[in-house]
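None of these values were measured; they are calculated from a predicted model. A note on names: the letters A, B, ... follow the listed sequences, proteins ahead of strands, and every chain is numbered from 1.
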There are 2 protein chains.
Amino acid sequence: MSGGVPPGLSFSEWQAAGFDATACPVRNVLDRIGDKWTALTLSALAERPRRFSELHRIIPDISKRMLTQTLRGLERDGLATRHVFPTKPPSVEYRLSPLGRTVLPPLGGLVAWAAENFPEIRRARARFDAMPETGGE
Amino acid sequence: MSGGVPPGLSFSEWQAAGFDATACPVRNVLDRIGDKWTALTLSALAERPRRFSELHRIIPDISKRMLTQTLRGLERDGLATRHVFPTKPPSVEYRLSPLGRTVLPPLGGLVAWAAENFPEIRRARARFDAMPETGGE
DNA sequence: GAGACCAGGTCTTATTTAGAGACTGATATC
DNA sequence: GATATCAGTCTCTAAATAAGACCTGGTCTC
């Protein structure tokens, strides 16, 4: 056996299968959820559907432009849906699609890992940054 | 109950705990593994330790600059270690640290999700892109 | 009638990120 | 003696990403 590499993470598998970076699912997915606001937006929508202005209020510092862009990205990938209610002041609701819901468990796993190990990462960073970069002599 | 939101992903929790984006573990972690080469590098190191040139050969299209930068990032965060062997042509080996190993399962979960759902995401994209952006009349 | 709210669009900068390619210096091969 | 390997560094440029400010149009309030 190969020593505990989770299935799907085996590099040689990818290579053997003829790795194509542009079509790589992982690259594609990480490009989306790895951007500045998507993970946050996703988790804001995880609890319940929300309206545009509501999201804008609760997500700290996001600009309307970025919020629109993030939501369009989620919509384009089929992770969220957009519902327009033609009320007097227009109201638009965003909600996670069934597909969008399925990403929550794996994403949650990573979030849990991050929360759990961030202290150690910070210590590692502090150590690394304190190291002398130019060896004295 | 809140309807199946994984623990740690609850937005209201974060808000209640006084969300600070700069210190946010999730943002920090996603910034690292969400970049262009880190996930790939991580999975190349998952199987076994590798030397710099070896990584450079097997990771398609990465430049030395990016490879160095990616490895430094992993080293800085304590996810990988660097071992220099002062042989005649110098040889440097990179290997995952114990901490680095612990990220493989959650990362693997996301990779599996990506692989499994990418076809559907692509269909969603095709649908979205085929939609008339300016409603005719 | 001046302004605010809704959900954005647009336009112009910054900042960040990535890439290409030349250079290092010691050894080793041809 | 020209060239290659090793593990990088360096500079410069290009591309992607994000921020900020202002604009829309209809209704609603003051």
query = Under the salt bridge (Lys or Arg N to Asp or Glu O under 4.0 Å) criterion, do B/Arg125 and B/Glu120 qualify, and how do the steps go?
reply = CA-CA 9 Å; B/Arg125 277 186 195 169; B/Glu120 191 169 344; over 6 Å; no
Gap between atoms [atom1] and [atom2], on [X] and [N] respectively (whole Å):
X: A/Tyr94; N: C/dC6; atom1: OH; atom2: P; value: 14 Å
X: B/Phe52; N: D/dT9; atom1: CZ; atom2: P; value: 8 Å
X: B/Glu54; N: D/dG8; atom1: CD; atom2: C1'; value: 17 Å
X: B/Arg27; N: D/dT17; atom1: CZ; atom2: P; value: 15 Å
X: B/Arg32; N: C/dT16; atom1: CZ; atom2: P; value: 15 Å
X: A/Arg51; N: C/dC6; atom1: CZ; atom2: P; value: 7 Å
X: A/Leu30; N: C/dT17; atom1: CG; atom2: P; value: 16 Å
X: B/Asp61; N: C/dA20; atom1: CG; atom2: C1'; value: 13 Å

task = Would you please classify the geometry between the A/His56 ring and the A/Phe52 ring as parallel, tilted or perpendicular, with 30° and 60° separating the classes?
result = tilted
remark   = Sequence neighbours excluded, the answer for side chain to side chain donor-acceptor pair (under 3.5 Å) partners of B/Arg82 is B/Tyr94
A/Ala46 versus A/Leu104, closest heavy-atom pair with distance = CB-CD1, 3.8 Å
ask   = Nearest heavy-atom pair of A/Leu45 and A/Ala80: which atoms, and what distance?
value = CD1-CB, 4.5 Å
inquiry  = Mind checking if A/Phe85 touches a base, just sugar-phosphate, or nothing, with heavy atoms under 4.0 Å?
reply    = nothing
ask   = Using a distance-only test with no angle check, is there a side-chain donor-acceptor pair under 3.5 angstrom linking B/Glu47 and A/Ser12?
value = yes
request  = Report the residue (A/Trp37 or B/Pro89) whose heavy-atom-nearest nucleotide on DNA chain D is the more 5′ of the two.
outcome  = B/Pro89
Proximity to DNA chain D (any heavy atom under 4.0 Å), residues of residues 62-83 of chain A only = A/Arg65, A/Met66
